Amino acid sequence: MEKSYLNMDLLRFTTAGSVDDGKSTLIGRLLYDSKSIFEDQMEAIQQVSDRKGEEHVNLALLTDGLRDEREQGITIDVAYRYFATPQRKFIIADTPGHIQYTRNMVTGASTANLAIILIDARHGIVEQTKRHSFIASLLGIPHIVYCINKMDLVDYSQEVYNTLVDDLEDFSAKLETKDVRFIPISALKGDNVVHRSEKMGWFEGATLMHTLETVHIASDHNHIDCRFPIQNVIRPQTTEHHDYRGYAGRIAGGVFKKGDAVMVLPSGFTSKIKSIDTFDGEIDEAFAPMSVTMTLEDDIDISRGDMIVRENNKPEVSQDIEAMICWMGDSPLKEKGKYALKHTSKDARCMVKEIKYKVDINTLHRNEADKVISSNDVARVTLRTTSPLFIDQYGRNRNTGSLILIDEATNNTVGAGMII
Amino acid sequence: MGSYNLTHLKELESEAIFVIREVVAQFENPVLLFSGGKDSIVCYHLARKAFYPAKVPFPLMHVDTGHNFPETIQFRDKLIEETGARLIVGSVQQSIDEGKSTEEKGVNASRNKLQTVTLLDAIEANKFDCAMGGARRDEEKARAKERFFSHRDDFGQWDPKNQRPELWNTFNGKKNMGEHFRVFPISNWTEMDIWQYILAEKIDIPSIYFSHTRDCFVRDGVIMGKTDFVETKDTEEVQPMVVRFRTIGDATCTGAVASTAATLEEIIEEVASTRVTERGGRSDDKRSEAAMEDRKKEGYF
């Protein structure tokens, strides 16, 4: 049964691959075959390709949006692309393959349900495959799809594919990601991207598009541990809603129901949910990632940065945070350095108590001797915060398990932290 | 679909409400840019949802080129009156009168670019530290790289190569005195999402989005509405045509499309089968390949 737009859902995915592995071609193929490239866009890039004397229409021009990028033929920044099929709407975070690679891929991966990692069938697993896989795993992307691309250049050989899958299975067993899939494709010729390949009758799995349309994403959110970080307090101060005091926020985990007994952190006061309000009326239950407003039975002093949870299932409340940090600052991460920190709706400051080790993101090797953490490095650190955070492990909840560090002199976001 | 799964429209709505609430929490004096077009109408609708049952805690600001379709202004004033919003109007005419902007000349003259001066002046005069807008990443390729929270220096400029990384849904609105932010709550929406949402939420929009008969002429392959602000060349024949508008910008540079779509359902069907982007009818984007990027760097929305 074809779904109507009223019950389509949303899949966010990221694409990773090394230079010349056909990433732009694959994205172009997905957009083109799903009729998401418009005539005027196609015309515009056709003209540019012609002017440059290029033989094929250069689909990379669709994704390279800035003048410098087109002039230099490089991608500088994460670009977001959109397409939809009758089943789903898709958001692609398209990240560049070389410059600032880690920083950009981490950014794109932070909100993704799924990562597509491209591998050139002729070259097999290369250093960048490992790096991309590690970042996808570190950022907790629930699903990884390895696309073995350029199968047309290896005569659509089942043997080449099988050998590669064996290698990838060995390698990916070390990752946190549980759902790992493999698809042999040719992005250029279109095999197994949207349409089944006639050349690879031996492949019994789903095409990439079918996989994207059907992969189960309902359980990607945590629906077990109730977490409601308060963004704003809603006080209408009108005659009609004279005593109304609502707590606005986006559910970060679990299912909250009207009448539930809840606890407010950090105060520890307990109360019951009086109502869950929306503009469209009261609702009986709310779950991640819904934005709602809650009222409580008791008058408790609650403000932004507080969190409503269940008494029998609390997050850890701590000022000592163990985390993996992906560093993005221009100057290196400073041991004993002080940074501003954001965690859910809470602002704090922190000191980097200890840099424990640097991770070689190509080999996953821990280097305890090298503590110079520069831009695009990943390190294990201990932070001491000025006030307690209400934390979960990143692997359990990407909302309450993540934080960002901010340089207090420049106000730039310089670190992405995954709480261990 | 599982019971704990949101539809794509509900997820986009929740994301936008979250972003608008972050703006109110992180900034002292935000404003919502309101053109009277469908994207800004949806943004205002989302803002009302975000703070219900309280009123929207920030004003709307219309950067008025003076070259409007009358239907847009009537619609704007009715919406403001019905919902009790606060409206600020920044006038491009006034910027010209005060000598801050110079009117373009010739048949292709447009005040579209002049909006930037008026916008930056109004932000400074009202001491706004954050201007929310209804821009979407699918509109134009330079916008595909825009952040939800976009930092502007004290000249209001955008530096696309030096944007802050934006991770998860943790938005960093920290800034120095004199700087401000542009925030785009509906970044992840497409034209189709907007129409579907307008239908699902029964949101009122100006009548010129629906098919109607209007005096038009054709310039560079684009159908333009005949207004008092546009000079026509001798070769351009003005005649009644059955059209609708896909975007509502300055009347001097916003093209119409030939269309008989008179209901939201018909518009959605038309958008689904159309083969040209909605900004394809805007001559302001056609000025050069990087037209949007250049305007954005200077401080355009």
Side-chain angles (χ1 to χ4, degrees), chain A residues 5-10 38-41 44 48 62 65-68 76-82 84 88-89 91 103 106-107 110-111 217-218 221 223 231-232 234-236 241 244 248 250 255 277-279 287 289-291 293 304 328 340 342 345 398-399 402-404 406 411-413 416, chain B residues 1-2 4-18 21-22 24-25 48-55 137-138 140-145 151 160-161 163-172 174-176 187-188 190 192-193 196 200 268 274-277 280 289-290 293-294:
Chain A
Y5 63 85
L6 285 177
N7 57 10
M8 276 163 64
D9 59 8
L10 175 61
F38 294 100
E39 273 170 10
D40 54 330
Q41 289 175 314
V48 177
L62 276 176
L66 305 172
R67 188 201 296 267
D68 288 340
I76 291 169
D77 209 296
V78 186
Y80 294 89
R81 305 278 146 206
Y82 303 84
R88 262 184 188 159
K89 174 191 162 91
I91 302 179
R103 164 182 162 157
V106 165
T107 302
S110 69
T111 52
I217 52 171
H221 285 285
H223 293 311
Q231 277 187 284
N232 323 76
I234 308 266
R235 303 209 56 187
H241 302 282
Y244 189 92
R250 196 178 192 192
V255 181
D277 296 334
T278 74
F279 183 81
F287 51 90
M290 289 169 69
S291 287
T293 301
R304 176 173 167 87
M328 303 174 167
K342 279 185 184 282
S345 56
R398 291 167 90 183
N399 297 312
S402 60
L403 55 87
I404 63 168
I406 297 164
N411 292 325
N412 275 331
T413 303
Chain B
M1 190 168 298
Y4 293 134
N5 203 13
L6 292 183
T7 65
H8 78 295
L9 286 180
K10 282 285 171 201
E11 188 166 341
L12 291 171
E13 177 191 72
S14 171
E15 178 180 82
I17 288 174
F18 177 82
R21 286 171 170 175
E22 276 305 289
V24 167
R48 291 175 66 201
K49 285 196 158 192
F51 301 100
Y52 175 85
K55 284 199 162 161
R137 288 173 178 153
D138 80 320
E140 212 279 337
K141 55 193 168 186
R143 286 197 163 147
K145 310 207 165 180
H151 178 255
K161 280 192 288 182
Q163 300 191 75
R164 291 180 185 175
E166 205 159 74
L167 297 132
W168 299 289
N169 293 300
T170 313
F171 298 110
N172 173 7
K174 288 184 190 284
K175 57 175 173 28
N176 292 319
S187 287
N188 277 333
T190 61
M192 188 54 132
D193 297 327
Q196 289 171 353
I268 287 171
T274 190
R275 303 297 298 136
V276 178
T277 62
E289 202 189 346
E293 183 184 342
D294 292 343

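Worth knowing before you read on, the calculation uses all heavy atoms, side chains too, and leaves out hydrogens, waters and symmetry mates. Within every chain, numbering begins at 1; the chains are lettered A, B, ... in the order of the sequence lines, protein sequences first and strands thereafter. None of the values given here were measured: they were computed from a predicted structure.
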Toward chain B, the part of [X] with a non-hydrogen atom under 4.5 Å:
| X | value |
| --- | --- |
| A:Thr413 | both |
| A:Val106 | both |
| A:Tyr80 | both |
| A:Asn232 | side chain |

Exercise for the section: Test A:Ser291 against every option in B:Arg21, B:Glu15, B:Lys10, B:Glu13 by the side chain to side chain contact (heavy atoms under 4.5 Å, CB included) rule and name the one that passes. Expected result: B:Arg21
Problem - B:Asn188, B:Leu9, B:Thr7, B:Thr190 screened by side chain to side chain contact (heavy atoms under 4.5 Å, CB included) with A:Lys89, the one that passes - result: B:Thr190
Exercise for the section: Would you check if B:Glu22 and A:Gln231 make a side-chain contact, meaning some heavy-atom pair closer than 4.5 Å? Expected result: yes
Practice task
Report yes if the side chains of A:Phe287 and B:Leu6 come closer than 4.5 Å at any heavy-atom pair, otherwise no.
Solution key: yes
Between [options], which shows the greatest number of heavy-atom pairs under 4.5 Å with chain B?
| options | result |
| --- | --- |
| A:Ser345, A:Ala340, A:Ser402, A:Ala416 | A:Ser402 |
| A:Leu403, A:Ile406, A:Thr293 | A:Ile406 |
| A:Asn399, A:Asn411, A:Leu10, A:Thr111 | A:Asn411 |

How long is the gap from [atom1] on [X] to [atom2] on [Y], to the nearest 0.5 Å?
| X | Y | atom1 | atom2 | value |
| --- | --- | --- | --- | --- |
| B:Leu12 | A:Ile91 | CG | CD1 | 6.0 Å |
| B:Leu167 | A:Arg398 | CG | CZ | 11.0 Å |
| A:His223 | B:Tyr4 | NE2 | OH | 8.5 Å |
| B:Asn5 | A:His221 | CG | NE2 | 8.0 Å |

With a 4.5 angstrom heavy-atom cut-off, is it the side chain or the backbone of [X] that approaches chain A, or both, or neither?
| X | answer |
| --- | --- |
| B:Asn176 | both |
| B:Ala16 | neither |
| B:Lys49 | both |

Practice task
Please list, chain by chain and in numerical order, all residues satisfying side chain to side chain contact (heavy atoms under 4.5 Å, CB included) with B:Thr170, sequence neighbours excluded.
Solution key: A:Lys342, A:Ile404, B:Trp168
Exercise for the section: List in chain and number order the residues that pass side chain to side chain contact (heavy atoms under 4.5 Å, CB included) with A:Arg235, two or more places apart in sequence or in another chain; answer none if no residue qualifies. Expected result: A:Val233, A:Gln237, A:Arg245
Exercise for the section: Keeping the roles fixed (side chain from A:Thr107, backbone from B:Pro165), state whether a donor-acceptor pair exists under 3.5 Å. Expected result: no
Practice task
Determine the option with the most heavy-atom pairs under 4.5 angstrom with chain A, choosing from B:Ala25, B:Ser187, B:Ala50.
Solution key: B:Ala25
Problem - Most chain A-contacting option - heavy-atom pairs closer than 4.5 Å, from B:His151, B:Lys55, B:Met192, B:Arg48 - result: B:Arg48
Fill in the blank from the handout: B:Glu166 and A:Ser110 have their tightest heavy-atom pair at O-OG, 4.3 Å
Handout entry: B:Arg164 vs A:Met328, side-chain contact (heavy atoms from CB on, under 4.5 Å): CA-CA, chis, key distance, verdict
Key = CA-CA 9 Å; B:Arg164 291 180 185 175; A:Met328 303 174 167; over 6 Å; no
